[in-house]
Participant: 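Following this message is one structure expressed as structure tokens.
As the structure is a computational prediction, the values presented were derived from the model and not from experiment. Numbers for residues simply follow the sequence, beginning at 1.
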Amino acid sequence: IPGYGDSPPVEMVVTAQGRRTFLDHVLQELGMQRPVLVSPSMSGRFALPFLLAHGDRLAGFVPIAPVGTKDYTAEQYQGVQTPTLILYGDRDTRLAPQALQNLQHLPEHRVAVLPGAGHACYLDKPEDFHR
């Protein structure tokens with residue numbers, strides 16, 4: 001968590017650029033080469049700025065009803081060529097529809113809906129999520 005232990009100061013993650021830089025540092029420290037970035041809920045504040053700036057460095061993107069999707073334009077999303085699987089639970093009636101409305105502008109996307117699952121669809125339906 002930013003601001004604790006040896007992590008960067010909290011001020012670094014106040015801006016989208018700072019959050020993008022933070023995630024970039026994490027991936028570099030882990031030695032990740034073209035990872036698939038899975039982004040549930042609040043992590044969208046980190047993943048989306050990274051995707052828009054460095055999507056070509058990802059093998060794939062799996063947004064799970066992330067926050068912050070409305071902060072970007074359809075044109076910004078249309079410039080991303082990263083293969084994307086938009087995933088959400090059909091019982092997430094607040095955040096998932098908004099995220100889908102914005103993320104569907106990503107040109108290389110597919111959508112998967114988990115029936116009977118809420119916002120944390122990976123917890124509600126873990127077997128379906130992994131499948």
Side-chain angles (χ1 to χ4, degrees):
I1 297 176
Y4 292 92
D6 293 329
S7 67
V10 174
E11 296 80 36
M12 179 182 190
V13 297
V14 171
T15 65
Q17 179 179 349
R19 291 186 297 271
R20 179 186 74 221
T21 300
F22 175 77
L23 183 54
D24 187 30
H25 287 301
V26 169
L27 295 177
Q28 286 180 24
E29 286 296 314
L30 294 173
M32 308 282 302
Q33 301 291 323
R34 293 191 41 82
V36 172
L37 183 58
V38 179
S39 176
S41 197
M42 286 299 290
S43 68
R45 294 270 184 226
F46 291 81
L48 292 170
F50 187 88
L51 174 73
L52 293 171
H54 304 297
D56 59 329
R57 291 175 38 200
L58 297 172
F61 180 55
V62 183
I64 307 166
V67 301
T69 62
K70 65 180 185 221
D71 296 345
Y72 304 98
T73 66
E75 292 77 23
Q76 286 175 294
Y77 287 120
Q78 289 165 355
V80 175
Q81 296 302 311
T82 307
T84 300
L85 176 62
I86 300 168
L87 182 63
Y88 64 94
D90 69 353
R91 291 189 180 168
D92 183 355
T93 57
R94 286 192 48 221
L95 194 53
Q98 179 184 80
L100 177 61
Q101 179 181 359
N102 295 308
L103 294 172
Q104 68 186 353
H105 295 291
L106 292 165
E108 298 295 323
H109 82 273
R110 291 179 28 204
V111 178
V113 181
L114 296 182
H119 181 65
C121 61
Y122 42 89
L123 295 177
D124 292 344
K125 299 286 185 172
E127 291 179 22
D128 293 340
F129 174 79
H130 289 286
R131 197 173 19 259

Participant: At their closest point, which heavy atom of Val111 faces which heavy atom of His109, and how far apart are they?
Facilitator: CG2-CD2, 3.8 Å
Participant: What's the shortest heavy-atom distance between Arg34 and Asp56, and which atoms?
Facilitator: NH1-O, 2.8 Å
Participant: Nearest 0.5 Å, please: how far is OG1 in Thr15 from CZ in Phe22?
Facilitator: 12.5 Å
Participant: Mind listing the closest non-hydrogen atom pair of Lys125 and Pro115 along with its distance?
Facilitator: CE-O, 3.4 Å
Participant: Could you tell me whether Arg91 and Asp124 make a salt bridge, using a distance below 4.0 angstrom between a side-chain N and a carboxylate O?
Facilitator: no
Participant: Hey, what's the ring geometry for His105 with Tyr77, parallel, tilted or perpendicular (30° and 60° as the breaks)?
Facilitator: parallel
Participant: Looking only at side chains, do Gln28 and Asp24 share a donor and an acceptor under 3.5 Å apart?
Facilitator: yes
Participant: Assess whether side chain to side chain contact (heavy atoms under 4.5 Å, CB included) is satisfied between Thr84 and Glu108, documenting all intermediate values.
Facilitator: CA-CA 6 Å; Thr84 300; Glu108 298 295 323; 5.7 Å; no
Participant: Roughly how far, to the nearest 0.5 Å, is NE2 of His119 from CZ of Arg94?
Facilitator: 9.0 Å
Participant: Nearest 0.5 Å, please: how far is CG in Leu37 from OG in Ser43?
Facilitator: 7.0 Å
Participant: When rounded to the nearest 0.5 angstrom, what is the spacing between CG in Leu58 and CZ in Phe50?
Facilitator: 5.0 Å
Participant: Does any N or O in the side chain of Arg57 come within less than 3.5 Å of the main-chain N or O of Gln33, such that one atom is a donor and the other an acceptor?
Facilitator: no
Participant: Donor-acceptor check, side chain of Thr82 to backbone of Val80, threshold 3.5 angstrom: yes or no?
Facilitator: no
Participant: Quick check on side-chain contact (heavy atoms from CB on, under 4.5 Å): which of Val62, Leu100, Val113 does Ile86 satisfy it with?
Facilitator: Leu100
Participant: So which heavy atom on Val36 is nearest to which on Ala59, and how close?
Facilitator: CG2-CB, 4.2 Å
Participant: Between CD of Gln98 and CG of Leu103, what distance do you get to the nearest 0.5 Å?
Facilitator: 9.5 Å
Participant: Does the side chain to side chain contact (heavy atoms under 4.5 Å, CB included) test come out yes or no for Asp128 and Arg131, once each step is laid out?
Facilitator: CA-CA 5 Å; Asp128 293 340; Arg131 197 173 19 259; 2.4 Å; yes
Participant: Counting only N and O atoms by type, is there a donor-acceptor contact under 3.5 Å from the side chain of Arg19 to the main-chain atoms of Arg45?
Facilitator: yes
Participant: If Ile, Leu, Val, Met, Phe, Trp and Tyr residues are connected whenever their side-chain heavy atoms lie under 4.5 Å apart, and connections chain through other members, are Val38 and Tyr122 in the same group?
Facilitator: yes
Participant: If you compare all heavy atoms of Asp92 against all heavy atoms of Ala65, which two are closest, and at what distance to 0.1 Å?
Facilitator: OD2-CB, 3.4 Å
Participant: Give the intermediate values and the outcome of side chain to side chain contact (heavy atoms under 4.5 Å, CB included) for residues Ile64 and Cys121.
Facilitator: CA-CA 8 Å; Ile64 307 166; Cys121 61; 3.5 Å; yes
Participant: Looking at every non-hydrogen atom in both residues, tell me the closest pair between Ala47 and Leu23 and how far apart they are.
Facilitator: CA-CD2, 4.0 Å
Participant: Quick check for you: to the nearest 0.5 Å, what is the distance between Leu114 atom CG and Glu127 atom CD?
Facilitator: 12.0 Å
